[in-house]
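Since the structure comes first, as structure tokens, the remarks are kept for the end.
We count ligands from 1, going down the list as the structure has it; atoms in each ligand are counted the same way. No experiment lies behind these values; they were computed from the predicted model shown.
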Amino acid sequence: MADDDTLLARIDDYIEDLFTPGDEALQETLRAADAAGLPSINVSPNQGKLLYLLTRIAGARRALEVGTLGGYSSAWLARGLAHGGRLVTLELEPARAAVARRSLAGSAPGVDVEVRVGPAAATLRAMIAAGEPPFDLVFIDADKPSYIEYLTLALQLSRPGTVILADNVIRNGLVLDPPPGDASAVAAAAFNAAVAAHPRLESLVLPVMRQYVDGLSISIVTS
Ligand code: SAH
Ligand code: DHB
Ligand code: MG
């Protein structure tokens, strides 16, 4: 990972200053996560703005997130939903879910947010079995080795037109030639290949810069 004053970081800051001015409730969500000792592995403000815009562009009313942490990306997604919308976000660790629930109570008025605790694959299977209606947008951002499983399950909670997004799929270029010992890089490369070849998806990976280059996969469910 590069220093904070690299060209990439300066461009990211430039975009953030112009387009993603600080919002008190969103900043409080990050402060609360920090105060609770959660790791700073949330999306960046510019990535959050991108999630918000994609949610609005999709006209989404129902969104699903896999990997809540302190609820920062959740807040951006929730704000992109139409008033009266619903966000279901899945988190393994109860302490993280509790932090997210507290923050989300104040950061997304008019949106019904449910944080569900447990291993996401099991929660997704339970939702499928319970007949959960399809989501308009899905954001995958939990443990990287499970991404293909989450995609397979998310497709069972989708309809033609559903947007499926996944974070951290470039890993500063490690996916070009993934080191065999880096399970996340190996998994991200496999995920990208699976998405590219998937008969039910049209997709692209969008490089995303922070202090380093990562990527967001963007797919639309075609059938
Ligand atoms: N989307 C968040 C960041 C998520 S970090 C944001 O940008 O603000 C990834 C999260 O996935 C962590 O909080 C981790 O606890 C959770 N996670 C890891 N394995 C999981 C699993 N099997 N099921 C559900 N959540 C999981
Ligand atoms: C990690 C996870 C993320 O989702 C992310 O965006 C950055 C880092 C991590 O587990 O280190
Ligand atoms: Mg991420």
Any salt bridge linking Glu91 with Arg101? Criterion: basic side-chain nitrogen under 4.0 Å from a carboxylate oxygen.
no

Should Leu155 and Arg200 count as side-chain neighbours, where that means a heavy-atom distance under 4.5 Å?
yes

Just checking, is any N or O donor in the side chain of Tyr14 or Arg10 under 3.5 Å from an acceptor N or O on the other one?
no

N/O to N/O below 3.5 Å, does that happen between Gly71 and ligand 1?
no

By number and element, which atoms of ligand 2 are closer than 4.0 Å to a non-hydrogen atom of Asp167?
6 (O)

Is the shortest N/O to N/O distance between Pro119 and ligand 1 below 3.5 Å?
no

Heavy-atom check, side chain of Tyr72 versus side chain of Leu38, under 4.5 Å:
no

Which option out of Ser73, Pro39, Gly48 puts a heavy atom nearest to atom 1 (N) of ligand 1?
Ser73

Just so I know, are the side chains of Ile128 and Leu157 near enough to count as touching, which here means a heavy-atom distance under 4.5 Å?
yes

Of Leu165, Thr162, Leu87, which is the lone residue that meets side-chain contact (heavy atoms from CB on, under 4.5 Å) with Leu137?
Leu165

OD1 (Asn168) - the Mg ion (ligand 3) - OD1 (Asp141) angle, nearest 10°:
90°

Do Val205 and Leu54 sit in the same hydrophobic cluster, where Ile, Leu, Val, Met, Phe, Trp and Tyr count as joined when their side-chain heavy atoms come under 4.5 Å apart?
no

With a 4.5 Å heavy-atom cut-off, do Pro133 and Arg62 have their side chains touching?
yes

Proximal ligand 1 atoms for Tyr150, defined as those under 4.0 Å from one of its heavy atoms
21 (C), 22 (N), 23 (N)

Tell me whether Arg31 is salt-bridged to Glu24, with the criterion being a basic N under 4.0 Å from an acidic carboxylate O.
yes

Test of proximity, Leu92 against ligand 1: N or O pairs below 3.5 Å
yes

Establish, from distance only, whether the side-chain atoms of Glu65 and Ser74 form a donor-acceptor pair under 3.5 Å.
yes

Please say whether Ala142 places an N or O atom under 3.5 Å from an N or O atom belonging to ligand 1.
no

Cationic N near anionic O, under 4.0 Å, Arg86 to Asp112:
yes

N or O contact, Lys144 vs ligand 2, cut-off under 3.5 Å
yes

A student checking ligand 1 against Thr68 at a 4.0 Å heavy-atom cut-off should list atoms 2 (C)

Element-labelled atoms of ligand 1 that are located less than 4.0 Å from some non-hydrogen atom of Asp141
1 (N), 2 (C), 3 (C), 4 (C), 5 (S), 6 (C), 7 (O), 9 (C)

For the Mg ion (ligand 3), give me the closest N/O/S atom belonging to Asp167, just the atom name.
OD2

Only heavy atoms of Asn42, strictly under 4.0 Å: list the atoms of ligand 1 that pass.
6 (C), 7 (O), 8 (O)

In terms of atom number and element, which parts of ligand 1 are under 4.0 angstrom from non-hydrogen atoms of Gly118?
23 (N), 24 (C)

Answer yes or no for Thr123: is there a heavy-atom contact with ligand 1 below 4.0 Å?
no

Heavy-atom pairs closer than 4.0 Å: do any link ligand 2 to the side chain of Ile41, the backbone, both, or neither?
both

Backbone, side chain, both or neither: what part of Asn42 comes under 4.0 angstrom of ligand 2, heavy atoms only?
neither

Around atom 3 (C) of ligand 2, find the nearest protein heavy atom and jot down its residue, atom name and distance.
Asn168 OD1, 3.2 Å

First locate atom CZ of Phe139, then atom OG1 of Thr68, and finally report the distance between them rounded to the nearest 0.5 Å.
10.5 Å

Heavy-atom proximity to atom 12 (C) of ligand 1, picking from Arg116, Arg96, Gln47, points to Arg96

Mark up the atoms of ligand 1 that fall under 4.0 Å of a heavy atom belonging to Glu65, in ascending order.
1 (N)

